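Down below is the structure, laid out as structure tokens.
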2 protein chains.
Amino acid sequence: MAALTDPQAAAWNSYQRMRVRLSGVLGRELAAATGLSEADFEVLVAVNERPDDTVRSLALRCGLEWEKSRLSHQLRRMEQRGLITREACEEDSRGSAVRLTARGRELACEARKHYDAAVKRYVMDSLTPEQIAALTEISGILLDRIEITHK
Amino acid sequence: MAALTDPQAAAWNSYQRMRVRLSGVLGRELAAATGLSEADFEVLVAVNERPDDTVRSLALRCGLEWEKSRLSHQLRRMEQRGLITREACEEDSRGSAVRLTARGRELACEARKHYDAAVKRYVMDSLTPEQIAALTEISGILLDRIEITHK
DNA sequence: ACGTCAAGGTTGACGCATCAACTAATCTGG
DNA sequence: CCAGATTAGTTGATGCGTCAACCTTGACGT
């Protein structure tokens, strides 16, 4: 006896295919338009949302919900490419602060435009408002489910 | 002017968070239960569905919709860990055939049980049949959209 | 036949993600 | 004030995914 019914398996299969293809095209378009990866993009946008384009690593990490080593590796690569700089943190000398370079700031804006446009084009323009609401609701339910069972 | 309206941005944000967390927990549970990655799992299941647990690399690649180098790297790792073997292909001497080892076959079944149960537990048990149908429909629409614009 | 081109597959390099081990600074109980 | 436990962040190893370069073999037009 299978664990999933036919409609359930169909839902899972199409979700999986969609998920893979969608993040594929979005990542590819972002890279083509700006040279950034999705990881770069997430960091740039998160930092750019802060006053002075500066944020402490810890706050960034919590906002992104990333592992600390992941953020550390990512910031190292971004620093090498001149997207950010890192400076000491006053309140806690263990910590560090991340600041966008001029180039980082510029790319953050550019990338956001491209990315949002792509999301609109591939996703939002294809769905009815009801479907968009359904997607929000479904995602919220599943998120809650995961949070609860892993609390 | 933002490219996305508020409900659209909300939908995208919750979808993204859900997507990341869901594949996180599923991958983690699979690894904990069987020691397999999701990539391993996909390959094992795809091969296990074939008669004789054997399939040509090309067919596998098309079924999975993977890049050829990705499959090659993955098969190398799986061969090293004793999950599959590779042999020459009769019809086309450029090609190669993939066969499950006894251990691969066993793990494929084991993993499928665990994985399907986890999908049921995290996803299907949380959603109404209408929501499951909505998810199928939405995914199908987005898939079509991507296929059409990239044809 | 034969030359050219396309296709199947491998390889190496690089970025991304996770895990475990480590350093250094802060917090906390006594 | 100090010893032990936490916490911020780094590092190295390893697996995953993509790209570009490459090799071999088959396909096809002439």
Side-chain angles (χ1 to χ4, degrees), chain A residues 16 19-32 34-44 55-98, chain B residues 16 19-32 34-44 55-98:
Chain A
Q16 286 281 72
R19 176 179 76 81
V20 169
R21 288 196 154 274
L22 182 57
S23 80
V25 301
L26 291 179
R28 232 168 269 266
E29 293 203 3
L30 184 64
T34 65
L36 297 172
S37 68
E38 289 178 291
D40 295 332
F41 176 58
E42 276 190 80
V43 170
L44 288 183
V55 63
R56 189 167 159 191
S57 282
L58 179 58
L60 184 54
R61 199 174 100 202
C62 294
L64 293 172
E65 300 181 302
W66 278 17
E67 307 244 336
K68 58 186 181 177
S69 66
R70 178 181 179 186
L71 184 59
S72 182
H73 286 305
Q74 182 68 33
L75 292 177
R76 174 179 40 76
R77 289 187 297 258
M78 292 178 74
E79 191 172 25
Q80 282 170 356
R81 283 182 294 151
L83 299 175
I84 61 160
T85 58
R86 280 191 280 190
E87 21 193 280
C89 174
E90 299 131 13
E91 328 137 37
D92 186 336
S93 15
R94 287 171 300 182
S96 70
V98 179
Chain B
Q16 286 281 71
R19 176 179 76 81
V20 169
R21 289 195 154 276
L22 182 57
S23 79
V25 302
L26 291 179
R28 232 167 269 267
E29 293 202 3
L30 184 64
T34 64
L36 297 172
S37 68
E38 290 178 289
D40 295 331
F41 176 58
E42 277 190 80
V43 170
L44 287 183
V55 63
R56 188 163 161 194
S57 281
L58 177 59
L60 184 54
R61 199 175 100 200
C62 294
L64 294 172
E65 299 180 304
W66 279 16
E67 306 244 336
K68 57 186 181 177
S69 66
R70 178 180 180 187
L71 183 59
S72 182
H73 286 306
Q74 183 66 34
L75 292 177
R76 174 179 39 78
R77 290 187 297 258
M78 293 178 74
E79 190 173 25
Q80 280 168 359
R81 283 183 293 150
L83 300 175
I84 60 159
T85 59
R86 281 192 279 190
E87 25 193 278
C89 174
E90 299 130 15
E91 327 138 37
D92 186 337
S93 14
R94 288 173 299 183
S96 71
V98 179

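Given the structure is predicted, the values throughout are model-derived calculations rather than measurements. Chain A is the first sequence line, chain B the second, and so forth, proteins listed ahead of strands; every chain is numbered from 1.
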Quiz: residues 66-74 of chain A side-chain donor-acceptor pairs under 3.5 angstrom, not counting sequence neighbours:
residue  : atom : partner  : partner atom : Å
His73(A) : ND1  : Arg76(A) : NH2          : 2.8
Gln74(A) : OE1  : Arg77(A) : NH2          : 2.9
Gln74(A) : NE2  : Asp40(A) : OD1          : 2.6

* Where chain B begins and ends its contact with DNA chain D, read 5' to 3' at 4.0 Å from heavy atoms -> dG15(D) to dG26(D)
* To do: Indicate the atoms forming the closest heavy-atom contact of Ser23(A) with Arg19(B), along with that distance.
  => CB-NH1, 4.3 Å
* To do: Could you check how far CZ of Arg70(B) sits from P of dC16(C), rounded to whole Å?
  => 17 Å
* Tell me, yes or no, whether the heavy-atom count around Glu90(B) atom CD, taken from other residues, nucleotides or ligands under 6.0 Å, exceeds 12. => no
* Whole-Å distance separating the CZ atom of Phe41(A) from the P atom of dC16(C) -> 15 Å
* Structure fact -> Cys89(A) and Ser96(A) have their tightest heavy-atom pair at CB-N, 3.7 Å
* To do: Starting at CG of Leu36(A), measure out to CZ of Arg81(A) and round the result to the nearest 0.5 Å.
  => 7.0 Å
* **Separation between CD1 of Ile84(B) and CG of Leu75(B), rounded to the nearest 0.5 Å** => 4.5 Å
* First encountered from the 5' end of DNA chain C, between Arg56(B) and Asp40(A) -> Arg56(B)
* By a strict heavy-atom criterion of less than 4.0 Å, which residues belonging to residues 71-87 of chain B are in contact with DNA chain C? -> Ser72(B), His73(B), Arg86(B)
* Between CZ on residue Arg21(B) and CD on residue Gln16(B), distance to nearest 0.5 Å -> 13.5 Å
* Whole-Å distance between dG15(C) C1' and Leu36(A) CG? -> 13 Å
* Find the distance Trp66(A):CH2 to dT18(C):P and express it as a whole number of Å. => 9 Å
* Grab the two heavy atoms, one from Val98(A) and one from Arg86(A), that are nearest each other, plus how far apart they are. => CG2-CG, 4.5 Å
* Asked: OP1 or OP2 of dC19(C) less than 4.0 angstrom from a side-chain nitrogen or oxygen of Arg28(B), does that happen here?
  -> yes
* Confirm from the modelled atom types if Arg94(B) and dA7(C) form a donor-acceptor pair under 3.5 Å, side chain to base only. => yes
* Asked: Just how far, in rounded Å, is C1' of dG8(C) from CG of Leu60(B)?
  -> 13 Å
* Of Glu90(A) and Ala97(B), the one whose closest DNA chain C nucleotide lies more 5' -> Ala97(B)
* Structure fact -> To the nearest angstrom, the CD-C1' distance between Glu67(A) and dA21(C) comes to 15 Å
* In whole angstrom, what separates Leu58(A)'s CG from dA25(C)'s P? -> 17 Å
* Could you state the interatomic distance from CE (Met78(B)) to OG (Ser37(B)), rounded to the nearest 0.5 Å? -> 7.5 Å
* Asked: Any side-chain N or O of Arg61(B) under 4.0 Å from OP1/OP2 of dG8(C)?
  -> yes
* With heavy atoms under 4.0 Å as the rule, sort Ser69(A) into base, sugar-phosphate or nothing. => base
